[in-house]
Amino acid sequence: MHPVHLRSAGTSLLLAFDSGEAEIVHWGADLGEHLPDLATLRGPVPHSALDIPVTAGLLPQASSGWAGRPGLRGHRNADGGPGQDFSPALRVVSAQVQDGGRSVLIIHRDSEAGLDVSSELTLHPGGLLELAHTLTNSGAAAYQLEELATVLPVPRDATELLDLTGRWCRENHPQRHAVQQGTWVRTGRHGRTGHDSSLLVAAGTAGFSNRRGQVWATHFGWSGNHEQYLDSLTDGRRMLGAAELLGSGEVVLHPGGSYRTPSLFAAYSGHGLDGITETFYDWFRARPQHVDTTSGRVRPVVLNTWEAVYFDHSLEPLLELAESAAGLGVERFVLDDGWFRGRRDDHAGLGDWFVDEGLWPEGLTPLIDAVTGHGMEFGLWVEPEMVNLDSDVAREHPEWIVGPSALSYKDGGRLPHTWRHQHVLDLANPEAWEYIYGRLDALLRENNIAYLKWDQNRDLTEHGRGGRPSVHEQTLAAYRLFDALKAAHPDVEIESCSSGGARVDLGILQRTDRVWASDCNDALERQTIQRWTQAILPPELVGAHIGPTTSHTTARTHDISFRAITALFGHFGMEWDIRAATDQERATLRRVIALYKRHRALIHSGKRVNADTAEPTLSVHGVVAHDAGEALFAAVSLASAPAEVPGLASLPGLDPTRSYRVRAELPTPLDGDYAHTFTQIQPPAWLEDGAVASGAFLQHVGLPLPVLNPEHALLLHVQAL
Ligand code: DGJ
């Protein structure tokens, strides 16, 4: 079988088959057209080792000498008892290049073990690599699957590893360490993606940074239990991998049955993390369902009611809020938790998806009519996968509530501990699924709803059906629910929210239109959360709201310009009782909303750039138009800096040969917080009227920044002359 070489946007993927397996010889920088005879490049066999050169195949196996984490684990309970077919010897039977040379479909078979695996690898036009396997049981007895992993090799000079972690209100914070021998594993047993889940695992050359170094990065597109790992072996090989984490007995393949892995997405960059970001953005934006950000349906300015009124739903204040929002230029009004039967707080109501007759005697219509009458869209909060015991649905169908035991809790089965006083509905039960689908479908048919904020506020713990673990089935059933509602209501946008950012991944994003990155609206926290969420998610998919002056989740107080500059680099909105905003704040809000509308086509289509700043308390990031004709940058002071003046800020990513005018856009002397933003006797000379410089100068020399107070920011607009 001939080698297969896929190439795209500066990335090569080279596969060889002469070992009998599909071996990735290279995934990284483009290799050009001329390749050597790969058979002559087989490595040596060391002492005290197997007498064959070890192959690290697409599915690494002990049958080829692989002593690291195997690609496939499982067994059958057949004639010889349990444990049969524990060591597969899958060999390639065919490899077909498809899709105009973009992808390859590889069929592996082990006839003796009765196992077939087909592997699909696609190198998308922007360079994003996608890999998934499908295992089929072609044997005569059931096969119990323990793990089917997706792995990619990285070279030895990837000596540092960066991944993300977090918790509620602090999602996506980076952590970094040197790669050493052994297996490094991140495990997510939350039954959802998880607040701590790593959106990206990046291995890179020593000191790789935003704009420097080679980086190989992966993302696992799955919203259930999972593991991501780097396996670093004594023979020097390194594998970046990810797999769904299956419970005992969770996936049993009967003869003819199949299991498909979630997709592993991967990107290579020769110029730091920004190159990885660009590759992911290109892929997102090329999807047919991706929001059209430059024409047609742009990203509307949002007002979400949660931090404005919480559960305190009554028509009059909500009408006032809607009027006030419309007056500022808001385009979408989202009614959050609290509107449905029995939902006066978070102890009751989940599952009863009927408009509460006591609160809303005429239904939601009076509010929706007022909202749409003001020219805004109406959005509604739902949490379809969850149930409170204090709900009609739980009283009528205790058997729909998930637990570890085969019995319903009414019949003595044990329930998992509550979490926010709630439990999980068994969506793998077709009746429960139909009920939920029917309620959501009816709400969407009966009301003029343009947007659903789809929440999920607990981990799936001890999640089973019939006494067996079932996170896998539940995740697929939830996906089917999203898909069916999308098919029936294609114009309704859906946000994936999960107590903030606990369900952010490319599995859920194939069926939703944006994510709620965090319940934390504190602008300082958001700087980090958004920077790293946007390491792979373009800003048009990341909800970012101006919160109250004093944050409800951290009690920090921030000026409005800092909150606004932070929210502008996302899908912009507000989550604040703006009825209480001062006249001066309202004037700034009006300017900021107009500014967002002016620049949203740029923000939601350009390249994200992150300058490498020597000073960790300073962040300089921006969005540069693809033709490099325009850009927006934020210079952000995250904390007090040791130096007296911040020095020169590099504005990277512009065309080095063109001249640009750089102007400060926010705050302006008209904004009430202008004086708070700086602490200096005299501003840099360019601040008032702007500066003119080439792209090369702005990147390599940069502009002297004003002395920003900590937790303040400056927004710069850059226009080619
Ligand atoms: C958690 C979400 O993340 C919040 O934004 C809000 O919608 C609440 N749930 C409502 O219960």
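Both ligands and their constituent atoms are indexed starting at 1 by order of listing.
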Please produce the table of protein N or O atoms sitting under 3.5 Å from N or O atoms belonging to ligand 1, one pair a line, distance to 0.1 Å.
{"from": "ligand 1", "atom 1": "3 (O)", "to": "Gly500", "atom 2": "N", "distance (Å)": "3.0"}
{"from": "ligand 1", "atom 1": "3 (O)", "to": "Asp519", "atom 2": "OD1", "distance (Å)": "2.3"}
{"from": "ligand 1", "atom 1": "3 (O)", "to": "Asp519", "atom 2": "OD2", "distance (Å)": "3.0"}
{"from": "ligand 1", "atom 1": "5 (O)", "to": "Lys453", "atom 2": "NZ", "distance (Å)": "2.7"}
{"from": "ligand 1", "atom 1": "5 (O)", "to": "Asp519", "atom 2": "OD1", "distance (Å)": "3.3"}
{"from": "ligand 1", "atom 1": "7 (O)", "to": "Asp336", "atom 2": "OD1", "distance (Å)": "2.7"}
{"from": "ligand 1", "atom 1": "7 (O)", "to": "Asp336", "atom 2": "OD2", "distance (Å)": "3.2"}
{"from": "ligand 1", "atom 1": "7 (O)", "to": "Trp381", "atom 2": "NE1", "distance (Å)": "3.1"}
{"from": "ligand 1", "atom 1": "7 (O)", "to": "Lys453", "atom 2": "NZ", "distance (Å)": "3.0"}
{"from": "ligand 1", "atom 1": "7 (O)", "to": "Asp455", "atom 2": "OD2", "distance (Å)": "3.3"}
{"from": "ligand 1", "atom 1": "9 (N)", "to": "Asp455", "atom 2": "OD2", "distance (Å)": "2.7"}
{"from": "ligand 1", "atom 1": "9 (N)", "to": "Asn457", "atom 2": "ND2", "distance (Å)": "3.4"}
{"from": "ligand 1", "atom 1": "11 (O)", "to": "Asp337", "atom 2": "OD2", "distance (Å)": "2.6"}
{"from": "ligand 1", "atom 1": "11 (O)", "to": "Arg420", "atom 2": "NH1", "distance (Å)": "2.8"}
{"from": "ligand 1", "atom 1": "11 (O)", "to": "Arg420", "atom 2": "NH2", "distance (Å)": "2.9"}

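For the residue pair His571 and Arg514, a side-chain donor N or O sits within less than 3.5 Å of a side-chain acceptor on the partner. In this model, no donor atom of one side chain and acceptor atom of the other lie less than 3.5 Å apart for Asp196 and Thr165. Side-chain polar atoms of Glu540 and His290 form a donor-acceptor pair below 3.5 angstrom.
The residue from Lys453, Arg343, His313 that alone fulfils the side chain to side chain donor-acceptor pair (under 3.5 Å) condition with Asp337 is Arg343.
The aromatic ring centroids of Trp576 and His545 lie 6.0 Å or more from each other.
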Using atom types as modelled, flag every donor-acceptor pair under 3.5 Å from a side chain in residues 396-403 to any protein atom, sequence neighbours excluded.
{"from": "His397", "atom 1": "ND1", "to": "Glu399", "atom 2": "OE2", "distance (Å)": "2.9"}

